[in-house]
Visitor: 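Quick one: this structure, given as structure tokens, is what I'll be asking you about.
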There are 2 protein chains.
Amino acid sequence: MLINELAKRAGVSTHTIRFYERYGLLQGKRDPSKTSNNYFDYDEECLARLELIIDAKSGGFTLSEIAEIIDAWYGDIYTAKQKRQILENKLVVLDQRIAELRDMKKRIRECIKEIE
Amino acid sequence: MLINELAKRAGVSTHTIRFYERYGLLQGKRDPSKTSNNYFDYDEECLARLELIIDAKSGGFTLSEIAEIIDAWYGDIYTAKQKRQILENKLVVLDQRIAELRDMKKRIRECIKEIE
DNA sequence: ATCAACAGTAGAGTATAGTCTATGGTTGAG
DNA sequence: CTCAACCATAGACTATACTCTACTGTTGAT
């Protein structure tokens, strides 16, 4: 698919996709044997990857942390053991973040109680 | 206490406190009857408020959302009913955020499983 | 053939949340 | 008395993550 379709399916702007491409999180493929233009082609894996980025972002990860996750998951630069290590560290971060959110909920619930 | 002590107790820089003051999240008191200088004085309530800001931030709230929470909690501009409404909306947001984090955890756990 | 709608690149601009610098006044230990 | 350490204000600078603009090339329907 072309960038416009990818953008629509993922629910982000083409600008954002370009930005992620420049950042190195995503890359379409150009196949000169198939098309004469210089349009990029994005497959389903690209979409899955973009959706991972979006989800990780709403999970509070920064783009550089997401780059780490993507390198661990899609890249060949790490061994299986290292990949697991990186991903397990992210799980720890997520658990901490969940704990913080629970604290915040508790705090707000106390505020509500005091109003009554 | 003076700003330096407040900063140390809360674990942020004095610059950050100044920034929050400019933003309207926090304000020390100046009492010309007590001191001739123009130093601000911060009490325990200020510290509690600053800690609330820090916690809310790590809970993923933006400063403008935090301003809303603080106005609901410390301000006189809302009725008890409105205050409760605002705080309960924040609880909903927190629950959504926790759900997103759980999804992200699930996703990462699946990645780890696939490595094995 | 042409014209809107889309593709590409490069680079400027924006919002959020700080962080730092410059300048000048205040305080307290020695 | 003085000097380091602190206080205040204003404004410049930075990082992150977009978002938009300018410009040019391509495609497809009429």
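These figures come from a predicted structure and were not determined experimentally. Below, chain A is the first sequence line, B the second, and so on; all start at residue 1.
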Visitor: Return the 5'-most residue of the pair A:Phe19, A:Thr35 with respect to DNA chain D, ranking by each residue's nearest nucleotide.
Guide: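 Checking each residue's closest nucleotide, the 5'-ward one belongs to A:Phe19.
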
Visitor: Mind calculating the distance between CG (A:Asp31) and P (C:dA7) to the nearest angstrom?
Guide: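 Rounded to whole Å, this separation is 18 Å.
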
Visitor: Check the distance between C:dT9's P and A:Asn37's CG and give it to me in whole angstrom.
Guide: 12 Å

Visitor: For DNA chain D, find the residues of residues 42-67 of chain A with a heavy-atom distance under 4.0 Å and give them by number; none if there aren't any.
Guide: A:Lys57, A:Thr62, A:Leu63

Visitor: For the side chain of A:Asn4, starting at C-beta, report the closest nucleotide among C:dA7, D:dC7, C:dT26.
Guide: C:dA7

Visitor: In whole angstrom, give the distance that lies between atom CD1 of B:Ile17 and atom P of D:dC6.
Guide: 14 Å

Visitor: Taking side chain as C-beta onward, heavy atoms only, is A:Tyr42 less than 4.5 Å from A:Lys29?
Guide: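 No - every pair of side-chain heavy atoms lies 4.5 Å or more apart.
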
Visitor: Rounded to whole angstroms, how far apart are NE2 on B:His15 and P on D:dC6?
Guide: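 My rounded result for the distance is 13 Å.
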
Visitor: Regarding B:Arg84 and the six-membered ring of B:Tyr78, is the cationic atom NZ or CZ under 6.0 Å from the ring centre and inside 45° of its axis?
Guide: no

Visitor: Provide, to the nearest angstrom, the distance between the OH atom belonging to B:Tyr23 and the C1' atom belonging to D:dT9.
Guide: 21 Å

Visitor: If you apply the rule side chain to side chain contact (heavy atoms under 4.5 Å, CB included), what do you find for A:Asp41 with A:Arg30, and how did you get there?
Guide: CA-CA 6 Å; A:Asp41 179 69; A:Arg30 254 205 279 243; over 6 Å; no

Visitor: Could you check how far CD of B:Glu21 sits from C1' of D:dT9, rounded to whole Å?
Guide: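 So the CD-C1' distance, B:Glu21 to D:dT9, works out to 11 Å.
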
Visitor: Ignoring the backbone of A:Tyr39, work out which of D:dT26, D:dC6, D:dA17 is nearest its side chain.
Guide: D:dT26

Visitor: Is a side-chain N or O of A:Arg9 found less than 3.5 angstrom from the main chain of A:Leu47, in a donor-acceptor match?
Guide: no

Visitor: Looking only at non-hydrogen atoms, find the nearest pair between A:Ile53 and A:Ile66 and report the distance.
Guide: O-CD1, 3.7 Å

Visitor: Let me know the distance between CZ of A:Arg22 and P of C:dG11, rounded to the nearest Å.
Guide: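 Roughly 9 Å, once rounded to whole Å.
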
Visitor: So do B:Ile98 and A:Met104 actually touch side chain to side chain, heavy atoms under 4.5 Å?
Guide: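 With C-beta onward as the side chain, the pair stays apart.
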
Visitor: Tell me what B:Arg30 touches on the nucleic acid: a base, only sugar-phosphate, or nothing, going by heavy atoms under 4.0 Å.
Guide: sugar-phosphate

Visitor: Just how far, in rounded Å, is P of D:dA10 from CG of B:Asn38?
Guide: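 Rounded to whole Å, this separation is 12 Å.
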
Visitor: Please determine if B:Arg49 forms a cation-pi arrangement with B:Tyr20, meaning its NZ or CZ atom is less than 6.0 Å from the six-membered ring centre and no more than 45° off the ring axis.
Guide: no

Visitor: With the side chain of A:Tyr20 defined as its heavy atoms from C-beta on, choose the nearest nucleotide among D:dC7, D:dC18, C:dT27.
Guide: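 Nucleotide nearest to A:Tyr20's side chain: D:dC18.
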
